[in-house]
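What follows is one structure encoded as structure tokens, with my remarks underneath.
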Amino acid sequence: ITLWGRTNVTVQNVQIRQFDTGILLANGTRNFLVGNSISDSINGSIVLYHAWENTLAGNNMSVRGNIGILLDSSTNNTITANSVTNGLNCRYGCMIGYQSSDNFLSFNTIAACNEAGILVSSSPKNTVADNNVTDSYTGIQFNSCSGNRVYHNNFVNNSIQASVLEATEAWDEGYPSGGNFWNYWWSIYNGSDLFRGPGQNETGSDGIADSPYIIDSNNKDNYPFMQPWVGSHSTLYDW
């Protein structure tokens, strides 16, 4: 399905199989891609190119090639409650790239990607929140961009939980909102929870580790969770 220069179009409950690209949305605004099933795509299950203020919600994608969801030069889009799994040789679950800013990626489930569950490249001011990213080579990767926000995600059983190249991001929402849950199958994040408070120096536990989760010298989650995050608003996105 190709939508070129369209506004206020809804594509809903469609089954697409074995196409190079499942849905291409280009130069369009305020469109809705909801509840679709896309399998065996090669170069993108859903691709947004020069698109803004669109909503992708509740789509299920089994990826047989490069990318599940690709944003290219696209802004102010909402990507929520989608599922991306590796049908065969999926490199990236979701890629936000090429000057794509102010996008909101939330409540998505991304699993078993060969390179990264989420890749953000050359794109500032995006929000990645309340997602489950599991069993991938890299959970989330940032290349040559800064000013993105990452919080309330569960990164579980990824060989590399987070990779950062020439980027500085915000990995938590401060206290008490907190950061992310980081867990490997061979060992849970081994922080202790004996203290509470913004400085984690007050007596009493609060479900937040007493020490930060260090990604590199410029990136750290100051308030990593001791248990998986369960988003309080996830039921709002029941498509």
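Owing to the predicted nature of the structure, the values given are computational and were not obtained by experimental measurement. Residues: numbered from 1 along the sequence shown.
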- Message: Once rounded to the nearest 0.5 Å, what's the spacing between atom CD of E115 and atom CD1 of I67?
- Response: 9.5 Å

- Task: Quick one: pull up CD1 in I16 and CD1 in I46 and give me the separation to the nearest 0.5 Å.
- Result: 8.0 Å

- Note on the structure: Smallest heavy-atom separation, N183 atom then Q161 atom, equals O-NE2, 3.0 Å

- Item | W182 and F155 aromatic ring geometry - parallel, tilted or perpendicular at 30°/60° bounds | parallel

- Working to the nearest 0.5 Å, report the span between CD1 of I215 and CH2 of W171. 4.0 Å

- Message: For the CZ atom on R64, are there more than 12 heavy atoms of other groups (residues, nucleotides or ligands in this structure) within a distance under 6.0 Å?
- Response: no

- Item | Any donor-acceptor N or O pair under 3.5 Å, side chains N76, D102 | no

- Message: Please tell me whether I118 and L70 are part of a single hydrophobic cluster in this structure, the criterion being side-chain heavy atoms less than 4.5 Å apart.
- Response: no

- Query: Can you hop from I1 to F19 via hydrophobic side chains spaced under 4.5 Å?
  - Reply: yes

- Can you tell me if OH on Y137 sees more than 12 non-hydrogen neighbours from other groups inside 6.0 Å? no

- Any luck finding a side-chain donor-acceptor pair between S192 and D210 under 3.5 Å? yes

- Looking only at heavy atoms, what is the nearest atom pair of N148 and V120, with distance? ND2-CG1, 4.0 Å

- Query: What do the steps show when you test C145 against E169 for side chain to side chain contact (heavy atoms under 4.5 Å, CB included), and what is the final call?
  - Reply: CA-CA 8 Å; C145 56; E169 315 299 352; 3.9 Å; yes

- Note on the structure: Between M226 and F181 the two heavy atoms that sit nearest each other are O-CE1, 3.4 Å

- Note on the structure: Note: D206 and Q200 closest approach over all heavy atoms is OD2-NE2, 3.0 Å

- Message: Testing the basics here: between S123 and S100, what is the closest heavy-atom pair and its distance to 0.1 Å?
- Response: CB-O, 2.8 Å

- Message: Return the CD to OG1 distance between E53 and T29, rounded to the nearest 0.5 Å.
- Response: 4.5 Å

- Message: Please say yes or no: joined through hydrophobic side-chain contacts below 4.5 Å, possibly via intermediate residues, are V34 and W52 part of one cluster?
- Response: no

- Query: Do the non-hydrogen side-chain atoms of V133 and I140 ever get within less than 4.5 Å of each other?
  - Reply: no

- Message: Between N132 and V156, is the side chain to side chain contact (heavy atoms under 4.5 Å, CB included) condition met? List the steps.
- Response: CA-CA 8 Å; N132 293 316; V156 178; over 6 Å; no

- Message: Is it the case that the side chains of S106 and T80 hold a donor-acceptor pair, with the cut-off being a distance below 3.5 Å and no angle test?
- Response: yes

- Rounded to the nearest 0.5 Å, how far does CG of L71 lie from CG of L25? 9.5 Å

- Closest non-hydrogen atom pair between L105 and C94, with its separation: CD1-SG, 3.9 Å

- Query: Under a 4.5 Å side-chain heavy-atom rule over Ile, Leu, Val, Met, Phe, Trp and Tyr, are L56 and V9 clustered together?
  - Reply: yes

- Task: Decide if atom CD of E202 counts as having more than 12 heavy atoms of other residues, nucleotides or ligands within a radius under 6.0 Å.
- Result: yes

- Quick check: does any side chain N or O of N43 sit under 3.5 Å from a backbone N or O of D20, one acting as donor and the other as acceptor? no

- Message: Within this structure, what is the OG-NZ distance for the pair S146 and K125, rounded to the nearest 0.5 Å?
- Response: 13.0 Å

